[in-house]
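First up is the structure itself, then whatever we jot down about it.
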Amino acid sequence: AGSSIGRELLDAIAALGFHGIRQDLPDDHDLCRPLLEEVAGYERLHPLFLLAGGRMTREHPRTGGAPWTREALRQHVEDVCAKLDELDYFERSDPPALEIGNEPDIGVEAWKDHPKLLGETFAECYATVREFTDRSVVLTPSISNLNQRGIAYLGRMLARGLPGGAAVAVHRYPNGRDSAKPH
């Protein structure tokens with residue numbers, strides 16, 4: 001109620017003491033724009049935008065099932081950054097963080113089986129973001145878990161290093177009921 005993203009819900013989240021939200025941006029740019037326009041007017045919660053999350057975990061919706069290419073991923077980042085720039089997100093005192101991809105280590109084979117290629121692609125995407133801003137935190141594709149598979153994938157993905165100023169994103173899904181014990 002009140003907005004397409006549920007401003008009342010966002011207000012309730014902020015009232016609980018949270019300072020930010022992680023918002024997946026749609027792969028479809030026509031759907032992405034209204035969301036970015038609405039969140040642009042809501043500054044109570046700091047946004048972390050997930051770009052190309054679906055590009056890691058399923059096939060590209062506009063290519064008839066073919067995997068997303070390296071260039072398509074970089075182009076998506078450029079398109080989203082252009083929209084963020086147009087809406088003055090990068091001029092905020094606390095600009096949004098950008099996460100480039102989601103769980104590639106369990107994603108479609110194009111990314112799951114080629115972590116080195118993803119590392120190179122992330123470096124290109126990072127450079128693309130930096131063409132628009134040097135103030136936003138840019139995170140790697142979030143590894144699906146802090147287990148041996150996830151850490152090994154991360155090591156192969158970042159074998160050439162992490163671009164200066166980038167951050168590493170990981171998810172942690174603990175086994176069992178005790179969330180304080182790692183795998």
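In this text the structure is predicted, and so the values were computed from the model without any measurement.
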Side-chain touch Glu103/Ile143, heavy atoms, less than 4.5 angstrom: no
Spatial distance of atom NE2 (His114) from atom OG1 (Thr121) [nearest 0.5 Å]: 11.0 Å
Gap between atom OG1 of Thr128 and atom CD of Glu78 - 0.5 Å precision: 6.0 Å
Leu87 reachable from Leu48 in the ILVMFWY side-chain graph, under 4.5 Å edges: no
Pairing residues for Leu162 by the side chain to side chain contact (heavy atoms under 4.5 Å, CB included) criterion, not counting sequence neighbours: Phe122, Thr140, Leu158, Ala166, Val168
Side chain to side chain donor-acceptor pair (under 3.5 Å) partners of Glu86, counting only residues at least two apart: Arg33
Minimal non-hydrogen separation, Pro34 against Asp30, with atom names: CD-O, 3.1 Å
Cluster check Val80, Leu31: I/L/V/M/F/W/Y, side chain < 4.5 angstrom: no
Side chain proximity check, Phe90 to Leu84, heavy atoms < 4.5 angstrom: yes
Joint hydrophobic cluster, Leu45 plus Val137, side-chain heavy atoms closer than 4.5 Å: no
Minimum side-chain heavy-atom gap Pro141-Met157 below 4.5 Å: yes
Flag side-chain contact, heavy atom, 4.5 Å: Lys116 against Arg160: yes
Side-chain touch Arg7/Asp11, heavy atoms, less than 4.5 angstrom: yes
Closest non-hydrogen atom pair between Gly101 and Leu50, with its separation: O-CD1, 3.3 Å
Side chains of Tyr153 and Arg149, donor plus acceptor under 3.5 Å: no
Student check: side-chain heavy atoms of Leu139 and Leu98 closer than 4.5 Å: no
Residues which pass side chain to side chain donor-acceptor pair (under 3.5 Å) with Arg156, listed by chain and number, not counting sequence neighbours: none
Rounded distance [0.5 Å steps], CD1 in Ile21 versus OH in Tyr42: 8.0 Å
Qualifying residues under salt bridge (charged side-chain N to carboxylate O under 4.0 Å, His left out), relative to Arg22, sequence neighbours excluded: Glu99
Partner set under side chain to side chain donor-acceptor pair (under 3.5 Å) for Tyr89, not counting sequence neighbours: none
Flag side-chain contact, heavy atom, 4.5 Å: Arg92 against Arg135: no
Asp88 side chain vs Glu91 backbone, donor-acceptor pair below 3.5 Å: no
Partner residues of His46 under the ring pair (Phe, Tyr, Trp, His ring centres under 6.0 Å) criterion, sequence neighbours left out: none
Inter-residue atom distance Leu51.CG - Phe49.CZ, 0.5 Å rounding: 9.0 Å
Check ion pair Asp105-Lys112 (N to O, under 4.0 angstrom): no
Between Ser142 and His171: side-chain donor-acceptor atoms closer than 3.5 Å: yes
Reported CG-to-CD distance for the pair Leu10 and Glu38, which is rounded to 0.5 angstrom: 8.0 Å
Distance in Å, Leu73 CG paired with Ile100 CD1, rounded so as to fall on 0.5 Å steps: 7.5 Å
Minimum side-chain heavy-atom gap Asp79-Gln75 below 4.5 Å: yes
Pair Glu37 + Lys83: basic N to acidic O under 4.0 Å: no
